[in-house]
Amino acid sequence: MTDSHETATGEFATREDVVDARGGSGSASAPSPAPSSALSSAPSSAPSFAPDSLVLNRKLPLWYQVSQSLRASILGRPQDASLRLPTEEQLATHYGVSVLTMRQALKELETEGLISRHRRRGTFIEPRARRATPVRLLGSVDAIVAQQSGDATTVLGHGTVPVPGDLAEFFPDCGEVVSFRRLRRDGESGEPTNWAENAVRPEVAARIDLTDLERWPMTKVLHDIVGVKISRITDTVEARLADPVTADLLQVPLLSPILHYTGVTYDEKGRVVDVARIRYRGDRFSFSLTVEAR
């Protein structure tokens, strides 16, 4: 492994390489976010677009981390935020990377259709960009946040329940967990895209504000707001058939194909703090895995 990467080539990355993005082994020092004035766009009546800060993990390609962090910021932006992005140089300074790396990250988002770039005019968020994209796994907490961002979220309910039998192996020291149930809809069409159940360790769940779950994915809430030091997330994705509850919530026929995602989140002590089970509509999501070798 080299200390850092300016391109996607020459690196092998898996989900097991995820380290504590708040300063655990293998992560870089947090770049200081650029002053708000440095990220301001052209004069506009709408608030300027300001991306979230990012702590870089030197075990993963920098362009990929930056693209996923910026993607989450774009999809989670306030509705009245400016559609114009800061310049390449301003974004590179904000993330603490080279302009070349920033350019590669922006190219990824342009390929997705999230942004458009215009010579001499600048880079703009596509207001009607389709927010349903393939699930991509490359070992970054920010990738998980980005994948789950952008939809309008409704908290269906939450409460303390006995540890489900199929999750007992993850919570051997807990008799109960707090269950959070959420439904996500496309931010523009209102069409349901997925629904999620999270089983969270009680002492961690006690610090979760439901209003944060209506805006951000659980991973971001745990990491950025609650302050959980995430060491790794283990993912399982499989094809299943829609059960009655899923068919009703996602408005799909009973027994139609869905994508079933299970994400197990571990803290720095190796304890499971959250088990997420998310059911995606089969017609809105696909799955791809990128493995990069030397």
Side-chain angles (χ1 to χ4, degrees), residues 1-34 39 49-77 85-86 88-112 114-115 123 125 133-150 216-217 219-224 228-235 263 265-266 268 288-294:
M1 296 287 181
T2 58
D3 289 337
S4 63
H5 301 277
E6 294 297 325
T7 67
T9 59
E11 175 66 2
F12 178 81
T14 68
R15 291 309 302 267
E16 294 304 315
D17 289 329
V18 178
V19 299
D20 175 16
R22 290 279 176 163
S25 172
S27 63
S29 300
S32 300
L39 289 176
F49 176 81
D52 293 339
S53 59
L54 172 66
V55 179
L56 295 170
N57 178 344
R58 296 293 173 177
K59 288 188 177 182
L60 299 172
L62 299 183
W63 70 268
Y64 177 80
Q65 296 177 71
V66 170
S67 70
Q68 294 305 299
S69 179
L70 184 54
R71 182 179 186 276
S73 295
I74 289 173
L75 297 181
R77 71 190 185 280
L85 293 183
E88 287 181 352
E89 292 77 10
Q90 290 170 336
L91 287 171
T93 298
H94 174 73
Y95 286 114
V97 298
S98 70
V99 172
L100 180 63
T101 295
M102 194 67 241
R103 192 168 296 159
Q104 189 171 2
L106 291 172
K107 182 178 180 181
E108 172 77 3
L109 298 182
E110 185 179 24
T111 301
E112 277 190 37
L114 282 179
I115 62 173
T123 303
I125 299 170
T133 58
V135 177
R136 296 178 179 178
L137 305 180
L138 194 58
S140 167
V141 169
D142 288 282
I144 298 298
V145 171
Q147 178 58 44
Q148 298 173 3
S149 297
W216 299 112
T219 304
K220 184 176 181 67
V221 171
L222 291 174
H223 185 273
D224 293 354
V228 174
K229 293 186 176 181
I230 297 175
S231 64
R232 71 183 190 276
I233 302 174
T234 301
D235 291 334
T265 300
Y266 297 81
E268 61 180 350
S288 65
L289 174 65
T290 299
V291 177
E292 299 184 0
R294 296 182 183 279

Evaluation steps, side-chain contact (heavy atoms from CB on, under 4.5 Å), between Val228 and Thr265: CA-CA 10 Å; Val228 174; Thr265 300; 5.6 Å; no
Nearest-0.5 Å distance that lies between atom [atom1] in [X] and atom [atom2] in [Y]:
X      : Y      : atom1 : atom2 : value
Glu110 : Glu112 : CD    : CD    : 11.5 Å
Ile115 : Lys107 : CD1   : NZ    : 12.0 Å
Leu222 : Ile230 : CG    : CD1   : 6.0 Å
Trp216 : Asp224 : CH2   : CG    : 8.5 Å

Nearest non-hydrogen partners of [X] and [Y], listed with the distance:
X      : Y      : value
Arg71  : Leu109 : CB-CD2, 3.8 Å
Leu91  : Pro86  : CD1-O, 3.7 Å
Ala105 : Val66  : CB-CG1, 3.8 Å

Given Leu100 and Trp63, is the side-chain contact (heavy atoms from CB on, under 4.5 Å) satisfied, shown in steps? CA-CA 9 Å; Leu100 180 63; Trp63 70 268; over 6 Å; no
Using side-chain contact (heavy atoms from CB on, under 4.5 Å), reason through Thr234 and Tyr266 one step at a time and then give a plain yes or no. CA-CA 8 Å; Thr234 301; Tyr266 297 81; 3.8 Å; yes
Tell me if a side-chain donor or acceptor on Ser67 pairs with a main-chain N or O of Tyr64 at a distance below 3.5 Å. yes
Just do the side-chain contact (heavy atoms from CB on, under 4.5 Å) check on Leu70 and Met102 with the steps written out, would you? CA-CA 10 Å; Leu70 184 54; Met102 194 67 241; 4.0 Å; yes
Residue pairs meeting salt bridge (charged side-chain N to carboxylate O under 4.0 Å, His left out), one or both in residues 90-99, sequence neighbours left out, come to none
